[in-house]
Amino acid sequence: MRLFSVKELSDLKEDTEVLLHGWVQETRTTKNLIFVVFRDHTGLAQLTIRRDSWNGIEVDNIPRESAISVSGTFMVHGKSKTGPEISPSKITILNIAGSPLPLAVSDPVNSDIETRLNNRFLDLRKREVGIIFRVESDLLWGIRKHMSQNGFTEVHTPKIVGTSTEGGSDLFAVRYFEKEAFLNQSPQLYKEILVSSGVNRVFEVGPAFRAEKHNTVRHLNEFTSIDIEMAFSDHNDAMVMLENAVRSGILEVSAGEREVKEALGVEVKVPEVPFPRITFEECVDYLSSKGMAHRDGEDFSPDELRIIGERFTGFYFITRWPASLRPFYTMPDPDDSNYTNSFDLQFRENEITSGAQRVHDPEMLRNRFLAKGLNPDDFSFYLEAFRYGMPPHAGWGLGLERLTMIVLGLKNIREATVFPRDRNRISP
RNA sequence: GCCCCGAUAGUGUAGCGGCCUAUCAUACGGGCCUGUCGAGCCCGUGACACGGGUUCAAAUCCCGUUCGGGGCGCCA
């Protein structure tokens with residue numbers, strides 16, 4: 001007897017013997033019959049038991065969400081409306097579920113995100129929740145494929161570091177034997193060093209840590225960053241790589257489009273490339289035409305981004321950011337050093353990627369450190385790599401959870417994180 | 001770091017000074033009915049976060065504690 005998933009049942013012939021592993025979602029009993037709504041990772045099926053011919057275990061009161069194994073025969077002409085119907089010959093309880101459940105898996109009551117995260121193992125059994133991570137996985141797979149096809153090497157850089165990436169104070173300190181160390185906020189410096197090493201094109205998918213006490217629906221203290229760096233390239237090359245990577249990811253998701261539509265009611269649209277580009281200055285002018293005076297030297301506020309985002313239906317780039325708003329490693333615009341060869345990828349008011357051409361000249365880089373009030377000596381391990389033929393290069397960092405949020409229209413980034421780390425949560 | 005807001009049964013809620021020995025739904029337990037189909041009907045168990053205070057009277061008002069939600073800043 002072969003193991004099947006519920007999804008595989010529909011093509012079978014009458015009376016095919018099958019083995020299924022999954023959970024009891026619900027039982028309904030009648031005088032002559034017992035119906036068990038059975039669920040596995042692919043969908044729902046119904047087990048129909050005739051009391052008069054049943055000699056297996058007592059199934060009337062198997063608690064919901066208990067894990068079971070079922071062997072039986074497939075009924076082509078079943079009357080079930082909750083998926084394919086199986087006539088079991090044997091049911092084995094693999095592990096009984098406690099009762100009552102701390103969280104409704106199939107009830108018509110919705111739990112708070114707090115309750116859901118505390119009981120994530122049950123929450124994820126819900127189809128509309130589980131599918132989010134299927135989508136996230138597909139997105140990443142599509143992006144990985146694109147990077148690989150374009151000659152990128154996947155790398156893994158340290159998450160425990162001795163100095164902060166950008167000199168900020170928003171880092172988690174950790175004990176490292178007798179030294180102080182930090183959880184890295186970004187692989188930036190390491191991927192640049194690798195560019196100098198002749199790898200040519202690198203990408204990394206890994207955690208990034210930010211010790212900011214933010215409390216919003218779009219921030220996490222640990223998130224998954226997709227970072228790339230490409231040699232002999234500028235910001236325009238990086239933007240082309242980015243828009244096509246995002247498109248490749250969404251293309252991968254669209255293969256399971258119907259399921260996403262059914263589970264979440266969301267239409268997955270593959271975006272057209274190239275994405276529109278708008279400069280920072282054009283945004284400022286646009287805001288003033290809308291009666292909003294943007295303050296010099298400041299980033300756009302959420303309100304401002306909402307206004308700017310209304311101009312576009314989907315993804316767009318904001319380019320040529322002022323140097324004061326960008327980190328030291330960002331290449332200044334050769335025509336006006338007050339601006340930079342940089343970009344953000346936006347989706348309406350949401351920022352999902354930040355990127356730029358980087359400074360490759362060691363002298364310029366030293367000066368940029370000083371201009372930002374940083375001590376170049378603290379970064380000597382990084383600066384060394386620039387002294388022996390560092391190629392011009394560019395790259396970006398993309399927040400995977402934010403991309404998932406956008407593709408699925410989620411309201412809270414915690415929905416797109418299996419076990420989120422936020423201002424208050426470090427468990428589970 | 002700044003500013004708002006919330007905490008009632010397993011879950012989600014009603015209540016906003018006496019009508020609350022606290023509402024409803026769902027879950028859970030029991031019964032009836034039923035090839036069922038978010039089934040239906042009947043009965044039952046189950047809660048005011050904690051500590052002070054105000055008041056004749058507090059789930060309801062005030063203060064503190066704890067836990068949480070959201071906005072801003074910053075960013076992915």
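Bear in mind that the values here come from a model prediction, so they are computed numbers and not experimental data. What's counted below: heavy atoms across the whole structure, side chains too, no hydrogens, waters or symmetry copies. Here is how names work: the chains are called A, B, and so on, in the same order as the sequence lines, proteins then strands, and each is numbered from 1.
- Between E351(A) and N32(A), the residue anchored nearer the 5' end of RNA chain B, judged by the nucleotide with its closest heavy atom, is N32(A).
- For the P atom pair drawn from U26(B) and C41(B), the interatomic distance equals 8 Å after rounding to whole Å.
- What you find for E65(A) and Q25(A) is that their closest heavy atoms are OE2-CA, 4.2 Å.
- Between the P atoms of C32(B) and A22(B), the separation comes to 30 Å (whole Å).
- As judged by a 4.0 angstrom heavy-atom cut-off over every strand, I352(A) is placed among residues touching the sugar-phosphate backbone only.
- Residue side chain R425(A) does not reach the base of C67(B) through any donor-acceptor N/O pair under 3.5 Å, judged by distance alone.
- A7(B) and G44(B) are spaced 29 Å apart, taking the C1' atom of each and rounding to whole Å.
- Using cut-offs of 30° and 60° for the angle between ring planes, the F209(A) and F172(A) rings count as perpendicular.
- C20(B) and U11(B): their P atoms are spaced 25 Å apart (whole Å).
- Rounded to whole Å, the P atom of U60(B) lies 14 Å from the corresponding atom of G52(B).
- Base contact: R50(A) has a heavy atom under 4.0 Å from a base atom.
- Among the atoms of the strands shown, base atoms are found under 4.0 Å from some heavy atom of T29(A).
- Checked for salt-bridge contact, R116(A) and D112(A) miss the test: no charged N lies under 4.0 Å from a carboxylate O.
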Exercise for review: Just do the side chain to side chain donor-acceptor pair (under 3.5 Å) check on N412(A) and R414(A) with the steps written out, would you?
Suggested key: CA-CA 5 Å; N412(A) 191 325; R414(A) 280 164 266 226; 3.1 Å; yes

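- Using a 4.0 Å heavy-atom cutoff across all strands shown, R218(A) reaches at least one base atom of the nucleic acid.
- Taking 3.5 Å as the limit, the base of G35(B) and the side chain of E85(A) contain a donor-acceptor pair of atoms between them.
- With a cut-off of 3.5 Å on both pairing distances, the Watson-Crick or G-U wobble partner of C67(B) is G6(B).
- Pairing for G44(B) is with C28(B), a Watson-Crick or G-U wobble pair whose two hydrogen-bonding atom distances lie under 3.5 Å.
- Not a single donor-acceptor pair, N or O on each side, falls under 3.5 Å between the base of C74(B) and the side chain of H214(A).
- One interatomic measurement links the two molecules: CG of L117(A) to C1' of C67(B), which rounds to 15 Å at whole-angstrom precision.
- In this structure, C61(B) and G53(B) make a Watson-Crick or G-U wobble pair, each of the two defining distances being under 3.5 angstrom.
- Comparing U45(B) with C4(B), their C1' atoms sit 40 Å apart, to the nearest whole Å.
- Judged by ring centres under 5.5 Å apart and planes tilted less than 30 degrees, F223(A) stacks against the six-membered base ring of A76(B).
- Along RNA chain B, the nucleotide nearest L101(A) and the nucleotide nearest N221(A) are compared for position; the residue whose nucleotide lies closer to the 5' end is L101(A).
- At whole-Å resolution of the value, NZ in K126(A) and P in G12(B) are 10 Å apart.
- Taking a pair to require two hydrogen-bonding distances under 3.5 Å in either a Watson-Crick or a G-U wobble arrangement, G1(B) pairs with C72(B).
- For R421(A) (side chain) and I426(A) (main-chain N/O), a donor-acceptor pair under 3.5 Å exists by modelled atom type.
- Checking C75(B), G35(B), C72(B) against the side-chain heavy atoms of P302(A) singles out C72(B) as nearest.
- Remark: the separation of the C1' atoms in U13(B) and G6(B) is 14 Å, to the nearest Å.
- Not a single donor-acceptor pair under 3.5 Å links the side chain of R258(A) to the backbone N or O of G256(A).
- Within 4.0 Å (heavy atoms only), E401(A) reaches no atom of the nucleic acid at all.
- To the nearest angstrom, P of C37(B) lies 17 Å from CG of L47(A).
- Taking the P atoms as reference points, G46(B) lies 16 Å from G29(B), given to the whole Å.
- R423(A) places its CZ atom 15 Å from the C1' atom of G71(B), with the value rounded to the nearest Å.
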